[in-house]
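Here's the structure we're looking at; comments come further down.
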Amino acid sequence: MSAPVSIPAEPHMSPRRVIAFLVMVFGMFMAILDIQIVSASLAEIQAGLAASPDEISWVQTSYLIAEVVMIPLSGFLARMMSTRYLFAASAAGFTIASFLCATSTTIEEMILWRALQGFLGGGMIPSVFAAAFTIFPPSRRNVVSPMIGLIATLAPTIGPTVGGYLSHALSWHWLFLVNVAPGILVTLGAFFLIDFDRPHWKLFERFDWWGLVALAAFLGGLEYVLEEGPGNDWLADPHVALFTAITLVGCVVSFWRALTREEPIVDLSAFTDMNFALGSAFSFVLGIGLYGLTYLYPLYLAQIRGFDSLMIGETVFVSGLAMFFSAPLAGFLAGRMDLRLMLLIGFVGFALSTWMLTGMTADWDFNELVVPQVLRGMSLMLCMVPVNNLALGTLPRDKMKGGSGLYNLMRNLGGAVGLAVINTMLSDRADLHYDRLREAITWTNAEALRQLNLMAGNLSAHGLDGQLGAISQMAGRVRQQAVVMSFIDVFLLLSLLFGGLALAALLMRPPAKAVGGGGH
């Protein structure tokens with residue numbers, strides 16, 4: 001194993017900085033919560049705005065595209081504007097955009113304001129991670145890291161629950177209005193309390209506008225392709241093919257500008273740190289697990305069990321509770337055991353939680369899903385805390401802002417790639433299983449004939465066409481079983497992914513304790 005990496009002297013702490021950091025954490029919570037808060041309530045928004053099924057998906061997609069562009073850009077903006085001005089401006093803009101979303105009367109207005117909300121919200125997320133590893137000494141990171149890890153994982157997990165409750169109890173407008181009062185407080189708190197760094201306005205003269213265009217084309221195009229590709233047969237769709245080409249051109253130009261300019265808007269030099277590079281890879285995989293499972297549980301409950309948004313929210317809330325109660329445990333363990341071993345345990349636990357789901361049937365609901373959800377929530381916290389500390393704990397201070405943006409970007413991209421693969425796999429495997437099951441159900445299959453006759457007799461007793469109705473019911477059963485089998489395939493793949501990556505945790509180097517003392 002490599003020797004631990006030394007870390008500079010511990011920075012000075014003050015109550016003001018602690019309060020400022022808590023304000024920032026709450027702002028990040030709002031921004032991450034809003035990624036998923038509309039997911040369980042899209043039907044209500046669609047009805048309220050008279051939108052088509054194709055249009056309503058853009059309420060989610062526009063937010064994700066705008067956010068994924070801002071997250072890596074935030075490193076340069078934080079150095080230019082300072083954390084104080086960037087965070088306060090982002091919080092103020094996010095709050096205004098939230099209010100405008102609530103007052104939208106057309107789907108076009110909603111998409112525009114959601115994009116603005118996502119872009120400005122994306123400026124708050126990396127700032128919190130950077131602040132956690134610059135204003136707090138290493139000795140306090142076992143308290144701070146579980147806090148930001150909890151927010152980063154809990155917010156998207158409970159997003160559908162909160163959204164389902166608000167739209168059910170009040171109306172869909174409150175999905176956005178709920179941000180307004182807290183947003184004002186976060187804006188004021190950030191402006192008057194943050195004093196971690198100073199602006200460097202001269203950097204604006206070196207701002208790479210072409211680099212920004214290329215970055216937007218690359219990441220925005222990639223997010224579009226990953227969102228729209230699975231449902232539109234990928235490159236067979238002309239729009240997906242066009243955005244794939246835009247993504248490739250944007251990718252080449254973005255990397256060229258980042259590697260050749262003296263002041264690139266995205267500084268890739270953090271990847272020369274082996275811990276950061278491996279930690280970013282783990283962050284990518286955690287994104288797959290975090291957003292993939294947050295998507296799969298509600299999808300199964302809606303498609304197979306027929307649950308509404310409130311029932312789904314009540315069922316999946318268990319994961320959020322498990323995360324909340326295991327955060328202190330993760331902080332306690334982080335100070336007392338090798339972080340790499342803790343990460344390995346977290347990955348194995350996550351793999352086990354998805355392996356338990358490979359035995360699911362069409363009858364599974366809350367009781368059967370409790371243990372896998374609890375294990376998943378605990379494992380996510382056991383993964384997130386050491387990944388944060390290992391990836392960002394050895395970065396130099398001058399690389400922290402840019403590195404934090406890249407680190408968070410990798411988690412979001414992991415989620416986007418994971419959802420695209422999951423959706424494609426669910427569709428393709430369901431068709432494959434349906435064809436195989438249909439081949440087995442023939443007029444020579446005694447069990448199939450017995451069930452058909454039972455269903456036909458039941459329908460005939462109610463005055464319906466028994467023969468036709470029974471065949472229709474049987475086809476529905478076969479389709480449902482094929483869909484359940486496709487879910488099992490996805491859970492098996494996730495188990496293999498997390499189980500296979502567990503040992504890679506041992507490749508990382510543990511960050512050392514601080515040397516020296518004093519402030520800065």
Side-chain angles (χ1 to χ4, degrees), residues 35-36 38-40 42 53 57 60-61 63-65 67-68 153 156-157 159-160 222-237 240 244 281-305 307 312 315-316 319 347 350-362 364 369 372-373 375-377 379-380 383 410-434 479-501:
I35 298 171
Q36 295 288 346
V38 302
S39 61
L42 287 175
S57 65
Q60 188 83 317
T61 304
Y63 188 99
L64 292 170
I65 288 176
E67 184 191 53
V68 86
T153 52
T157 303
L222 179 62
E223 188 73 43
Y224 176 87
V225 169
L226 293 172
E227 282 280 315
E228 300 295 316
N232 293 293
D233 203 16
W234 293 99
L235 295 179
D237 181 86
V240 174
T244 301
F282 284 130
S283 183
F284 183 90
V285 176
L286 280 174
I288 296 174
L290 174 62
Y291 292 107
L293 269 294
T294 301
Y295 172 73
L296 280 167
Y297 276 111
L299 187 65
Y300 164 81
L301 292 169
Q303 280 192 1
I304 306 301
R305 302 293 296 150
F307 283 17
I312 290 170
T315 304
V316 301
S319 279
F347 273 130
F350 197 101
L352 184 60
S353 77
T354 50
W355 177 259
M356 293 170 72
L357 295 165
T358 58
M360 74 167 14
T361 68
W364 279 32
L369 296 175
Q373 286 196 91
L375 187 55
R376 172 209 170 208
S379 299
L380 267 174
C383 288
M410 293 300 287
R411 186 175 64 252
N412 280 34
L413 286 182
V417 171
L419 288 176
V421 171
I422 286 168
N423 275 319
T424 302
M425 195 170 171
L426 284 175
S427 176
D428 292 349
R429 298 295 292 180
D431 290 342
L432 176 68
H433 289 307
Y434 181 76
R479 170 56 70 180
Q480 183 190 63
Q481 188 57 40
V483 171
V484 171
M485 291 169 75
S486 71
F487 274 95
I488 290 172
D489 290 342
V490 172
F491 291 131
L492 178 61
L493 180 66
L494 288 172
S495 300
L496 294 173
L497 174 65
F498 277 84
L501 278 170

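Since the model is a prediction, treat every value here as computed from it, not as a measurement.
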Exercise. Given the rule in the side chain to side chain contact (heavy atoms under 4.5 Å, CB included) test, do Leu226 and Val421 qualify, once you have shown the distances and angles that lead to the verdict?
Worked result: CA-CA 8 Å; Leu226 293 172; Val421 171; over 6 Å; no

For this session: Show your reasoning for whether side chain to side chain contact (heavy atoms under 4.5 Å, CB included) applies to Leu413 and Leu222.
Result: CA-CA 9 Å; Leu413 286 182; Leu222 179 62; 3.9 Å; yes

Approximate separation, where rounding is to 0.5 Å, of [X] [atom1] and [Y] [atom2]:
X: Trp355; Y: Leu496; atom1: CH2; atom2: CG; value: 7.5 Å
X: Gln480; Y: Met485; atom1: CD; atom2: CE; value: 12.5 Å
X: Phe350; Y: Leu497; atom1: CZ; atom2: CG; value: 9.0 Å
X: Phe307; Y: Leu301; atom1: CZ; atom2: CG; value: 5.5 Å
X: Leu352; Y: Ser379; atom1: CG; atom2: OG; value: 7.5 Å
X: Met356; Y: Leu375; atom1: CE; atom2: CG; value: 6.5 Å

Looking only at non-hydrogen atoms, find the nearest pair between [X] and [Y] and report the distance.
X: Ser353; Y: Pro372; result: CB-O, 3.5 Å
X: Gly499; Y: Ala351; result: N-CB, 3.6 Å
X: Gln303; Y: Val483; result: OE1-CG1, 3.6 Å
X: Ala430; Y: Arg479; result: O-NH1, 3.8 Å

Exercise. Considering the options Asp428, Ile488, Val484, Asp489, which one meets the side-chain contact (heavy atoms from CB on, under 4.5 Å) requirement together with His433?
Worked result: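 Result for side-chain contact (heavy atoms from CB on, under 4.5 Å) with His433: Asp489.
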
For this session: Can you spot which of Ile422, Leu426, Thr358, Leu492 makes a side-chain contact (heavy atoms from CB on, under 4.5 Å) with Phe487?
Result: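 Result for side-chain contact (heavy atoms from CB on, under 4.5 Å) with Phe487: Leu426.
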
For this session: Taking the side chain as every heavy atom from C-beta outward, state whether Phe347 and Cys383 have any atom pair closer than 4.5 Å.
Result: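 A side-chain contact under 4.5 Å exists here.
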
Problem set entry | Short side-chain to backbone donor-acceptor contact, Ser319 and Gln373, under 3.5 Å |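 Checking the backbone N and O of Gln373 against the side chain of Ser319, a donor-acceptor pair under 3.5 Å is found.
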
Identify every side-chain donor-acceptor pair in residues 290-300 under 3.5 Å, counting partners at least two apart or on other chains, and give the distances.
{"from": "Thr294", "atom 1": "OG1", "to": "Leu290", "atom 2": "O", "distance (Å)": "2.6"}
{"from": "Thr294", "atom 1": "OG1", "to": "Arg376", "atom 2": "NH2", "distance (Å)": "3.1"}
{"from": "Tyr295", "atom 1": "OH", "to": "Asn423", "atom 2": "OD1", "distance (Å)": "2.5"}
{"from": "Tyr300", "atom 1": "OH", "to": "Thr361", "atom 2": "O", "distance (Å)": "2.8"}
{"from": "Tyr300", "atom 1": "OH", "to": "Trp364", "atom 2": "N", "distance (Å)": "3.2"}
{"from": "Tyr300", "atom 1": "OH", "to": "Trp364", "atom 2": "O", "distance (Å)": "2.9"}

